[in-house]
2 protein chains.
Amino acid sequence: MKSTRSTTSTGSATSTGSTGGAVRGARERARSEITAAIKDEARRQLAAEGAAKLSLRAVARELGMVSSALYRYFPSRDELLTALIVDAYDAVGAAAERALAEAGTPARTAPVARWTAVCTAVRAWALAHPHEYALIYGSPVPGYVAPKATVEPASRVGLALITVARDAHRGPGVALPPLAAELRQEAERIARDVAPDLPPELVVALVAAWSQVFGLISFEVFGQFNRVVEDRDAFFTHSVSRLARESGLVLAPPR
Amino acid sequence: MKSTRSTTSTGSATSTGSTGGAVRGARERARSEITAAIKDEARRQLAAEGAAKLSLRAVARELGMVSSALYRYFPSRDELLTALIVDAYDAVGAAAERALAEAGTPARTAPVARWTAVCTAVRAWALAHPHEYALIYGSPVPGYVAPKATVEPASRVGLALITVARDAHRGPGVALPPLAAELRQEAERIARDVAPDLPPELVVALVAAWSQVFGLISFEVFGQFNRVVEDRDAFFTHSVSRLARESGLVLAPPR
DNA sequence: GTCTATACCCCGATAGAC
DNA sequence: GTCTATCGGGGTATAGAC
């Protein structure tokens, strides 16, 4: 239950002196360790009770602190929630970027394989951290409004997918299906915002594929595939690579 | 605020007599009216506070009742939640079925139009009832386990989509992309469970498309399209019909 | 079937001593 | 930066009178 171990002991051992210059490093280290411990415990509670019921008091109780002490680290419950959200977006974004880097360069690896690698990494992270996944891609937390600070971390997965598509379309252009006339203008606007260097047809297909991949993941994580799909690894890999090929995001690999 | 109007007055006016046979109808009517009022108020709170914080006390307070009185109608908070979930699945399922019926017979209407009609109806319901949508397709409510009674209502949308695909594949067979070898067995198992009369390739494509359509809807309802997609009607219609065609669920309409 | 009362929990946030 | 104490709420659920 207690997980304060090193954190509090370090803190009290090093911070008793007067405000000397050399102590500052240690003090800041203690502070960041406690901050990390708070977030860890909060994540544990996220799993048990859900974001809506995340409570500073319960976190403090479990850490052997008193609730008011937490306010020195997070000025409110919502700020703690924001920190968890940013961490989650960063974690899944980092997983996606790592998978892309490890998948190999466009010259060496077929685009569809790179696409699948990124999607698979996102799915693996989601399955390993279902409650953090729910926090960022599930139902919004009632009464909570995400501050601007979450926008940039939230875009990392999308940017990785854009990179795959951009690389895939460098060589001979893939024949992209034409846009419906009603979508022409909107497509150009979206493209301007998210990837001005790519053709609007591709960007629209990409945004759609992005949300569809998360549909596959969410249905699995949230239990809609219970009693329906059992071999989920095979199903996901198959679906996600077909999605990329059929929507023209990548070329079919040479056979 | 108060919405008890007819319900409580009806109840007290008719239920004062002894247990006569003729009174029973009225009493049951009063009971079902109060039950409906409770669910209505609970739905209102769902929107304000979210499922995790749904509380019998707050519902009772708003209805001018005392909390213990609610236990005559719902034995626990979770039973009330179950009722709301079943209602929500039934509502979205009915919307899908209605759209399918109104879209016209397979002979008259192109399969892709019927598919789009069902998906559009689901999306419209979701946008009109975002909190009920979140209840059934969003993050699971922590600590709540759905009872068996929710399974059948939950399947109605899927069955409507299966119907579209079945009708679409009655005539000349669409050339379905082949299954990955690793998926062969699983595909046959799924097909046996959900639509034994359809080829496994089709069923796999259908299950994937099903989850992908909900990915599109969830991203819109849950706010992931904020600052990305603006003309969402056009984007959805375009994406969902392309999805159906490209995955081979339906034949492209004759041009 | 509704009421009061009650047992026993929870929360966010702040004040002020140390 | 941590503590106690406190304000002012909130909740589930049950017992027992009417």
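Since the structure is predicted, the reported quantities are computational estimates derived from the model, not experimental observations.
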Atom CD of B:E33 and atom P of C:dG1 are separated, to the nearest Å, by 13 Å
Hey, what do you get for CG (A:L100) to CH2 (A:W115), rounding to the nearest 0.5 Å?
11.5 Å
Given the structure, check if the side chain of A:R57 and the base of C:dG12 hold any donor-acceptor pair shorter than 3.5 Å.
yes
Could you check how far CD1 of A:I34 sits from C1' of D:dT2, rounded to whole Å?
10 Å
Between NZ of A:K53 and P of D:dG10 the distance, given in whole Å, is 16 Å
What's B:S68 touching, base or sugar-phosphate or nothing? Going by heavy atoms closer than 4.0 Å.
base
Between B:S155 and B:Y89, is there a side-chain donor-acceptor contact under 3.5 Å, judged purely by atom types and distance?
no
Presence of salt bridge, B:D87 and B:R43, under 4.0 angstrom
yes
If only side-chain N and O atoms of B:R77 are considered, is one of them under 4.0 Å from the OP1 or OP2 phosphate oxygen of D:dG11?
no
Whole-Å distance between D:dA13 C1' and B:E79 CD?
14 Å
Phosphate OP1/OP2 of D:dA13: any B:Y71 side-chain N/O under 4.0 Å
yes
So what does A:Y73 touch, heavy atoms closer than 4.0 Å: a base, only the sugar-phosphate, or nothing?
sugar-phosphate
Checking D:dA13, C:dG1, D:dG11 against the side chain of B:S76 (C-beta onward), the nearest is D:dA13
From the list C:dA13, D:dG11, D:dT12, which nucleotide is the closest neighbour of the side chain of B:R61?
D:dG11
Provide, to the nearest angstrom, the distance between the CE atom belonging to B:M65 and the P atom belonging to D:dT12.
14 Å
Spacing between A:L81 atom CG and C:dC11 atom P, to the nearest angstrom
15 Å
DNA chain D: A:A69 or B:P75, which has the more 5' nearest nucleotide?
A:A69
Heavy atoms under 4.0 Å, any strand shown: does A:L54 hit a base, just sugar-phosphate, or nothing?
sugar-phosphate
Find which nucleotide of DNA chain C each of A:R72 and A:S55 is nearest to by heavy atoms, and output the residue with the more 5' nucleotide.
A:S55
Using 30° and 60° as the class boundaries, would you call the ring planes of A:F235 and A:F225 parallel, tilted or perpendicular?
perpendicular
Distance (rounded to the nearest 0.5 Å) between B:Y137 OH and A:F219 CZ:
6.0 Å
Rounded to whole Å, the CG-C1' distance (A:D78 to C:dA13) equals 13 Å
Within this structure, what is the CG-to-P distance between B:L56 and C:dC10, rounded to whole angstrom?
19 Å
